[in-house]
Amino acid sequence: SGSNTIDDVAWYDDNSSKTHPVGTKQANELGLYDMTGNVAEWCSDWFDNSYYSSSPSNNPIGPVEGVYRVVRGGSIGTPEWALSVLRVTHRTYTNPYIRNDNLGFRLVL
């Protein structure tokens, strides 16, 4: 998110073994840093693999309950061969009680 050259904007498995402070890579065109790599982002949405097939097309809010939380993007644990996982559009899930160095969150005001 912000460059066609992944090393310009992202920390991932092939160029780092640890997380880095925000802003040490190039910002995207909106001035946002670290939208790709460094840490994957926890989302407040509950995960439902079939939710998007029946959700509103404009601003879906996600299911009201579930077992797993949505995680978006990739992290320092993502290898370069899996670049599609580094994209902010990559969506997966994990147990909400999991904690590790590859997960973080972004506050949006």
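In this structure, CD1 on Ile6 lies 5.5 Å from CG on Leu83, to the nearest 0.5 angstrom. Atom CG of Asn28 is separated from atom OG of Ser3 by 10.5 Å, given to the nearest 0.5 angstrom. Here CD of Glu29 is found 10.0 Å from CE of Met35. Values are rounded to the nearest 0.5 Å. Taking OG1 of Thr94 as the start and CG of Asn100 as the end, the distance is 8.0 Å to the nearest 0.5 Å.
Judged as a side-chain hydrogen bond (donor to acceptor under 3.5 Å, both in side chains), the pairs with a partner in residues 42-54 (not counting sequence neighbours) are, in order, Asp48-Ser50, Tyr52-Arg72.
Looking at every heavy atom in both residues, Pro96 comes nearest to Arg69 through CB-CG, 3.7 Å. Between Ala40 and Gly73, the closest heavy-atom pair is CB-O, 3.7 Å. Between Glu80 and Tyr12, the shortest heavy-atom distance links the atoms CB-CE1, 3.5 Å. Contact between Ser57 and Pro60 at its shortest, heavy atoms only, is O-CD, 4.4 Å. Considering all non-hydrogen atoms of both residues, Asp101 and Thr19 come closest at O-CG2, 3.3 Å. When all heavy atoms are compared, the tightest approach of Val22 to Tyr33 is CG1-CB, 3.8 Å.
Both Leu30 and Val88 belong to a common hydrophobic cluster when Ile, Leu, Val, Met, Phe, Trp and Tyr are linked at side-chain heavy-atom distances under 4.5 angstrom. When hydrophobic clusters are built by joining Ile, Leu, Val, Met, Phe, Trp and Tyr residues whose side-chain heavy atoms come closer than 4.5 Å, directly or via intermediates, Tyr93 is grouped together with Val70. Note: the hydrophobic cluster containing Leu32 does not contain Val9 (ILVMFWY, side chain heavy atoms under 4.5 Å, direct or indirect links).
Between Glu65 and Pro63 there is no side-chain heavy-atom pair separated by less than 4.5 Å. In this structure, Ile76 and Ser17 have side chains that are not in contact, with every pair of non-hydrogen atoms separated by 4.5 Å or more. Two residues are said to be in side-chain contact when any heavy atoms from C-beta on lie closer than 4.5 Å; Lys25 and Asn15 meet this criterion.
Counting non-hydrogen atoms of neighbouring residues, nucleotides and ligands closer than 6.0 angstrom, the CZ atom of Arg87 reaches no more than 12 such neighbours.
Here the options are Thr36, Thr78, Asn38, the test is side-chain contact (heavy atoms from CB on, under 4.5 Å), and the partner is Trp11; only Asn38 passes.
Between the side chain of Thr5 and the backbone N or O of Asp7, no donor-acceptor pair lies under 3.5 Å.
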